[in-house]
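Quick notes on the structure that follows.
For ligands, and for the atoms within them, numbers begin at 1 and follow the listed sequence.
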Amino acid sequence: MRVAVIGTGYVGLVSGACFADFGHTVTCIDKSTNKIDLLNDGKVPIYEPGLDQIIEKNAAEQRLFFSTDPSAAVRMADAVFIAVGTPTRRGDGHADLTYVYEAAREIASLLDGFTVVVTKSTVPVGTGDEVEKIIRETNPNANVAVVSNPEFLREGAAIEDFKRPDRVVVGTDNAEAVEVIRELYRPLFLNETPILISKRRTAELIKYAANAFLAVKITFINEIADLCEKLDANVQEVARGMGLDNRIGSKFLHAGPGYGGSCFPKDTLALAKTAETVDSELKIVNSVIEVNAARKMKMARKVIDFMGGDVSGKTVAILGLAFKPNTDDMRDAPSIDIINGLEKAGAKIRAYDPASMNEASELMKHVMYCDGPYHAIENADVVVIVTEWDQFRALDLDRVKRLAKEPKMLDLRNIYQKSYMEKEGFIYESIGRAY
Ligand code: NAD
């Protein structure tokens with residue numbers, strides 16, 4: 001099949017590359033000339049493990065193309081995926097659908113023959129209706145089915161998630177469109193991936209409900225972690241004890257500094273706003289948004305308290321900046337609130353992240369970006385682990401002690417054991433673990 005993908009970001013590029021790897025002919029389109037030039041030069045503009053090999057292989061085999069111009073690819077496409085950003089709209093918290101509607105307008109006049117237009121971006125209920133309206137108004141002759149096919153991949157594990165998803169959700173009433181989508185994803189059904197066909201509006205809601213539920217789970221265990229600290233308990237053991245119950249499951253029960261990233265913060269907010277507009281308040285989701293935002297701010301306070309109440313003039317080594325490991329994505333990363341809070345309190349920051357320092361340096365100008373974890377630790381008064389990259393899990397602790405001013409570590413991801421760190425001579429604190 002022939003596929004055009006509008007928007008070549010984390011989702012568009014991974015989807016396009018994987019569809020090409022399934023054997024389809026794909027053109028990824030983006031407005032950013034810089035991105036497309038990089039890709040046409042054989043470079044990958046984002047950090048995502050395994051993506052470079054898939055792109056290289058499929059580009060070489062003439063199944064994957066990149067362009068800033070949608071004309072030719074959209075005209076020939078059996079399916080056009082819209083995978084542009086849907087950030088929070090400034091001022092009111094709703095999803096900003098400007099890019100989605102702009103993409104719909106751009107492709108409308110180019111559609112030729114029966115084409116399935118697939119919204120892969122995370123969009124509020126009713127967006128598909130609006131996309132269809134825009135296309136039909138712009139091009140009344142278009143033979144089009146507008147389908148919702150939300151994406152559930154996680155950055156850092158995106159290829160695996162795309163190629164082995166838990167399910168494929170398709171929102172449409174159009175049987176012909178379902179056949180096109182089935183054909184596109186055919187390799188997945190050999191592995192018996194469930195495909196859920198629903199109405200378009202329901203499919204749009206499934207994505208938000210799933211993300212909001214995961215945000216609830218994280219926020220729940222974070223609050224339990226705080227309680228553990230007060231009650232001399234251990235949140236990792238609580239989480240394990242809960243997670244072994246099949247009704248609960250062990251995933252998304254890792255206590256930490258609060259969720260961030262390009263999805264949960266904006267999607268919880270957008271869902272709450274949608275609910276508000278139809279007078280059906282989501283009290284749980286609203287609490288989660290509030291608790292999580294406060295938690296990210298509170299983490300700077302936690303560092304300050306750990307340092308005896310004052311960090312002015314102190315040097316803090318921050319290990320990890322991206323919102324999670326294996327990505328360079330800094331959107332809504334907890335590190336931003338933590339670093340801003342510490343800088344405001346007078347601390348100097350030395351930081352290292354294996355992938356996100358370019359992104360981070362655009363957002364945080366006063367940080368000293370270092371060449372590696374040990375460089376960041378040099379002369380630091382305290383080491384704070386913010387993102388659990390594998391390379392921070394087995395630091396040479398003797399070297400850390402030699403380099404740092406003091407053997408102090410605040411581990412916001414619980415990657416070390418308290419008793420072990422204390423035996424190694426560290427003053428060590430983590431999240432929700434009294435022991
Ligand atoms: P992104 O910001 O990485 O990429 C979006 C791209 O679209 C940008 O490169 C931008 O230049 C391009 N673009 C915008 N308008 C365009 C247009 N008219 N024509 C061509 N290109 C255009 O965004 P992302 O993280 O890939 O997210 C895309 C969507 O997928 C969002 O709705 C997001 O919520 C959803 N989603 C993201 C993830 C994730 O992990 N990032 C996971 C699931 C779903």
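Within ligand 1, the atoms closer than 4.0 Å to a non-hydrogen atom of Thr86 are 31 (C), 32 (O), 34 (O), numbered from 1 in the order shown. If you number the atoms of ligand 1 from 1 as listed, the ones under 4.0 Å from a heavy atom of Lys35 come out as 8 (C), 9 (O). Ligand 1 places these atoms under 4.0 Å from at least one heavy atom of Glu106: 17 (C), 18 (N), 19 (N). Every atom of ligand 1 is numbered from 1 in the order shown, and the set under 4.0 Å from a heavy atom of Gly85 is 5 (C). Residue Lys266 has at least one heavy-atom neighbour below 4.0 Å for each of these atoms of ligand 1: 33 (C), 34 (O). Set against the non-hydrogen atoms of Lys207, the atoms of ligand 1 under 4.0 Å away are 43 (C).
The minimum heavy-atom distance linking Ala376 with Tyr352 is given by the pair CB-CB, 4.1 Å.
Between Arg186 and Glu183 there is a salt bridge, with a side-chain nitrogen of the basic residue lying less than 4.0 Å from a carboxylate oxygen of the acidic one. A salt bridge does not link Arg240 with Glu237: every distance from a Lys NZ or Arg NE/NH1/NH2 to an Asp or Glu carboxylate oxygen is 4.0 Å or more. A salt bridge does not link Lys43 to Glu56: none of the charged nitrogens lies less than 4.0 Å from a carboxylate oxygen. Of the charged side-chain nitrogens involved, none lies within less than 4.0 Å of a carboxylate oxygen, so that Lys418 and Asp411 do not count as a salt-bridged pair.
Between Ile6, Asp69, Val11, Leu153, it is Val11 that holds the heavy atom closest to atom 27 (O) of ligand 1. Considering only non-hydrogen atoms, atom 4 (O) of ligand 1 lies nearest to Gly9 out of Ala270, Pro45, Gly9. Across Ile82, Thr33, Val84, heavy-atom proximity to atom 28 (C) of ligand 1 is greatest for Val84. Which of Val14, Asp30, Leu13 comes nearest to atom 11 (O) of ligand 1 through a heavy atom is settled by distance: it is Asp30. Residue nearest to atom 35 (C) of ligand 1, selected from Thr122, Thr8, Ile36: Thr122 (by heavy-atom distance).
For the pair Arg331 and Phe323, the cation does not sit on the ring face, since its NZ or CZ is not both under 6.0 Å from the ring centre and inside 45° of the axis.
Remark: ligand 1 and Tyr99 share no N or O pair separated by less than 3.5 Å (distance only, no angle test). For a threshold of 3.5 Å applied to N or O pairs, the pair formed by Arg154 and ligand 1 contains no separation below that value. When only interatomic distances are considered, the shortest N/O to N/O separation between Ser262 and ligand 1 falls below 3.5 Å.
Taking the six-membered ring where the residue is Trp, the centroids of Phe81 and Phe19 are separated by under 6.0 Å.
If you look at Ala83 next to ligand 1, the close heavy atoms, those under 4.0 Å, all belong to the backbone.
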With side-chain hydrogen bond (donor to acceptor under 3.5 Å, both in side chains) as the criterion, how do Arg63 and Asn58 come out once you've worked through the C-alpha distance, each side chain's angles and the decisive distance to 0.1 Å? CA-CA 5 Å; Arg63 277 192 305 272; Asn58 287 281; 2.7 Å; yes
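Sorted by first and then second residue, the pairs that involve residues 283-293 and meet side chain to side chain donor-acceptor pair (under 3.5 Å), not counting sequence neighbours, are Glu281-Asn286.
Taking a 4.0 Å cut-off on heavy atoms, Arg331 registers as neighbouring ligand 1.
When each of Thr127, Asp129, Asn149, Thr172 is paired with Arg200, the side-chain hydrogen bond (donor to acceptor under 3.5 Å, both in side chains) condition holds for Asp129 and for no other.
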